[in-house]
There are 2 protein chains.
Amino acid sequence: MATMSDIAREAGVSLSTVSYALSGKRTISESTRERINAAITRLSYHPHAGARALASQRAGAIGLAVPLAEDVDAHVVMMFVRSLMRAAHDASSEILLIAGEDHEATERVLAEGRVDALVVMDVVEDDPRIPVLAEATRPVVLLGYPSDARGIPRVDFDFEEASILAVTELHRRGARRLVMIGSPAATQSRHATYADRATRGFRTACSRLGLSARHVVHDHEVDPTRELIHSVLAQDRPDALIIHNESALPAIHRALTAEGVEMPGDLQVVAIAPRETTLLGAVEYTAVQIPVEEIGQTAVAVATDLIEGRDGPRDQLIAPALIARDTTHPVHG
Amino acid sequence: MATMSDIAREAGVSLSTVSYALSGKRTISESTRERINAAITRLSYHPHAGARALASQRAGAIGLAVPLAEDVDAHVVMMFVRSLMRAAHDASSEILLIAGEDHEATERVLAEGRVDALVVMDVVEDDPRIPVLAEATRPVVLLGYPSDARGIPRVDFDFEEASILAVTELHRRGARRLVMIGSPAATQSRHATYADRATRGFRTACSRLGLSARHVVHDHEVDPTRELIHSVLAQDRPDALIIHNESALPAIHRALTAEGVEMPGDLQVVAIAPRETTLLGAVEYTAVQIPVEEIGQTAVAVATDLIEGRDGPRDQLIAPALIARDTTHPVHG
DNA sequence: ATGAAAGCGCTAACAG
DNA sequence: CTGTTAGCGCTTTCAT
């Protein structure tokens, strides 16, 4: 393996010149740069990541604590991983994976300087990791919005406003008896912040508007969706449904179809979910779209600012927008 | 941040003694070890990963090239990621993620010594990465079985034998007209080795046994599964179905149910898929189970052997086994 | 059973 | 615009 001194000798310059040529932190004459680049190509040189990390105190990697629990939709997790990889790539960093459940490893990668920052997915209210990570010597960013983050920056989609928006827009479209199908039971009882906040928004908005509100927990793996939908429809004849559960969307769509429900005629439906998951067969659901790509980019941007010592915005709640498609009425107004 | 010399001073020993105490590469007296450990706790010392990597020429990480394409089932990918994380953890390594599509980054992490080895998922026949990775200075393990790997060790489930087993066992159970529903079109046209090998096994076994064989490509995102199943059943009245397509399993199950197909009475079905994906509603499909955990462990074991300079087994095809459940007849023998 | 010291391959002052 | 040099925090010979 060629080292930087090999390049220096080969190009007839000093070690530091090569270093500066690579980092661009000082102006190098055209001719020297060319000789250096030639040498680099000739010897197929690649800087050693460890050496660079030691000397620069930068690992060039961002840690990502991913949820491995079964109740978290794998497809959605992968969407986040993708978006974070892209963002990290643009910041010329790599992504080091950590099992979200492995708190010990999570702290370790930070303490060992293996990563320059840590992004934590699937944060829960009173997350046991928060007090520990708040003391970390390197930046941490929560992908989630617990009420007390002990000063750790939080980045998330505003699930509370998302529910409020869904309710409000359904109300504007004539809905009066709303049902929300929320996250799986396991997610709810863990108090994942996105589940808690979405539920709260739903309750708040309904009571504010004086609407009948029913919140149903749906466990995709267990519940026979068909029966759930049947009973939901039988009781109180709801005229609108809000679905915040990506895994259950396809099954719910089929159940609704099987029940002969006309959308939006019999029932208006709004999904709170990433765009990719709201296209089911021929129907595109009206949705408050979760902007996964933007969330990922924002998280990495916050992390990068902190790594660089810049102090940009910390807490960031990304505002929701409703995209009206096939399953809601137009607003008559 | 405390360094090793801090610990040495605090414990009243030399730097190297601390190092050896940590690595266990030399015997340390009980009393010194205790003082060292006390100092480590007191100063909450953590070895610096970069420094260690530089001095030891070991990154303490394994790279994982994950497929990000839409046609690869996210749930299955996450299962592999999980199993590799567990295996890496047991080998005290971390997992560095690389986008499988980013060939440049894939080579770079190896060349920069950022990882000690690389595991490549979703390998295709004539994979453009193979010639390059074959020249790498660090171990590479393919999670896939291309016919020419240029000497790179391959680890995979034996999809060819899996299909053969499925056919043979269906034949033993009286099936004569078989249909196989394979991977999505995109996967097939990329020639993912698991798709190619499964298809080949199916064809081989059917012709060997003189069975009617039909191979259907199923594109979950596009095909109306209902119609596909309807036409499959209408044509030639198959008496057995082999499904090698995790994403499509739920939809196929519903379509079969909707068609009023009795399993195994009207149709015997064998899935080639991980166990977690073959439980659909009340029905547990007879399956040639893909042992994700074992595949992951094996891949990391091969990588670890290579890193350590041991030469263990390289190419490894994991043998299939059929687990008879609800969708096949018993063997009348 | 323990120390002393020479690197590992880079970055970033400091010096011109 | 370029060179010299002192570390970064570990691992690992040599010595004793």
Side-chain angles (χ1 to χ4, degrees), chain A residues 1-37 39-40 43-61 92 108 111-114 116 137-138 307-309, chain B residues 1-37 39-40 43-61 92 108 111-114 116 137-138 307-309:
Chain A
M1 290 283 75
T3 73
M4 209 153 98
S5 354
D6 295 333
I7 302 302
R9 193 176 343 95
E10 185 84 5
V13 295
S14 81
L15 186 57
S16 62
T17 302
V18 178
S19 174
Y20 284 117
L22 258 67
S23 68
K25 289 188 180 175
R26 117 174 161 181
T27 39
I28 305 288
S29 78
E30 191 53 30
S31 67
T32 25
R33 188 203 315 290
E34 272 168 16
R35 272 177 302 131
I36 290 176
N37 286 333
I40 286 177
L43 307 187
S44 68
Y45 164 75
H46 290 270
H48 183 99
R52 176 172 281 184
L54 177 58
S56 68
Q57 303 290 12
R58 279 274 203 301
S92 36
R108 192 161 34 75
E112 293 180 345
R114 218 175 245 290
D116 298 319
T137 50
R138 276 158 233 267
I307 292 172
E308 235 88 286
Chain B
M1 291 284 77
T3 73
M4 212 153 98
S5 355
D6 295 331
I7 302 302
R9 191 174 347 94
E10 185 85 3
V13 295
S14 82
L15 185 55
S16 61
T17 303
V18 178
S19 175
Y20 284 116
L22 259 68
S23 67
K25 289 189 180 172
R26 134 166 148 177
T27 40
I28 305 287
S29 77
E30 190 52 30
S31 66
T32 359
R33 190 204 313 292
E34 272 169 15
R35 273 177 301 131
I36 290 176
N37 285 335
I40 287 177
L43 306 188
S44 70
Y45 165 76
H46 291 271
H48 183 100
R52 177 172 280 185
L54 176 57
S56 67
Q57 303 290 12
R58 278 275 201 302
S92 37
R108 192 161 35 74
E112 292 180 345
R114 220 175 241 291
D116 298 318
T137 50
R138 276 157 235 266
I307 292 172
E308 235 88 285

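Reminder, nothing fancy here: chain letters follow the sequence lines and each chain counts from 1.
- Side-chain proximity of Thr27(B) to the nucleotides dA1(C), dG9(C), dG3(D) is greatest for dA1(C).
- Distance check, rounded to the nearest 0.5 Å: OG1 of Thr3(B) to NE2 of His46(B) gives 13.5 Å.
- Put simply, Lys25(A) has no side-chain N or O that comes within less than 4.0 Å of OP1 or OP2 on dT11(C).
- Of the options Asn37(A), Asp6(A), Ile36(A), Ile7(A), a side-chain contact (heavy atoms from CB on, under 4.5 Å) to Tyr45(A) is made by Ile7(A) and by none of the others.
- Look at Tyr45(A) and you'll find a side-chain N or O under 4.0 angstrom from OP1 or OP2 of dC10(C).
- Following rounding to the nearest Å, Arg33(A) (CZ) and dC1(D) (C1') show an atom-to-atom distance of 11 Å.
- One can place NE2 of His48(B) at 16 Å from P of dG9(C), the figure rounded to the nearest angstrom.
- Atom-to-atom, CZ of Arg52(A) to P of dG9(D) comes out at 18 Å; the value is rounded to the nearest Å.
- Atom-to-atom distance recorded for Ser19(A):OG and Arg26(A):CZ is 8.5 Å, nearest 0.5 angstrom.
- Distances shown here put a side-chain N or O of Thr32(A) below 4.0 Å from the OP1 or OP2 atom of dT2(D).
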Review point. Given Glu308(A) and Arg58(A), is the salt bridge (Lys or Arg N to Asp or Glu O under 4.0 Å) satisfied, shown in steps?
Key: CA-CA 10 Å; Glu308(A) 235 88 286; Arg58(A) 279 274 203 301; 3.3 Å; yes

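- Ser19(B) has a side-chain polar atom (N or O) that falls below the 4.0 Å cut-off from OP1 or OP2 of dT11(D).
- The shortest distance between the side-chain N/O atoms of Thr17(B) and the OP1/OP2 oxygens of dT2(C) is not below 4.0 Å.
- Rounded to whole Å, atom C1' of dT2(D) lies 19 Å from atom CZ of Arg9(A).
- The separation between Leu43(B) atom CG and dG9(D) atom P is 14 Å, rounded to whole Å.
- Closest approach to the Arg26(A) side chain among dC10(C), dT2(D), dC8(D) is made by dT2(D) (side chain taken as heavy atoms from C-beta onward).
- At the phosphate of dG3(C), OP1 or OP2 sits under 4.0 Å from a side-chain N or O atom of Ser14(B).
- Place Leu15(B) and Gly12(A) on DNA chain D by their nearest nucleotides, and Gly12(A) ends up nearer the 5' end.
- In this structure, the CG atom of Asp6(A) is 9 Å from the P atom of dG9(C), given to the nearest Å.
- Which of dT12(D), dG9(C), dA12(C) sits closest to the side chain of Ser16(B) comes down to dT12(D).
- Ser29(A) comes within 4.0 angstrom of the backbone, heavy atoms only, and of no base.
- Counting atom types as modelled, Tyr20(B) pairs no side-chain N or O with a base atom of dA4(C) as donor and acceptor under 3.5 Å.
- Leu22(B) places a side-chain heavy atom less than 4.5 Å from the side chain of Ile40(B).
- Checking dC8(D), dC10(D), dA12(C) against the side-chain heavy atoms of Ala55(A) singles out dC8(D) as nearest.
- The side chain of Pro47(B) approaches dC10(D) more closely than any other nucleotide in the set dA5(C), dC10(D), dG3(D).
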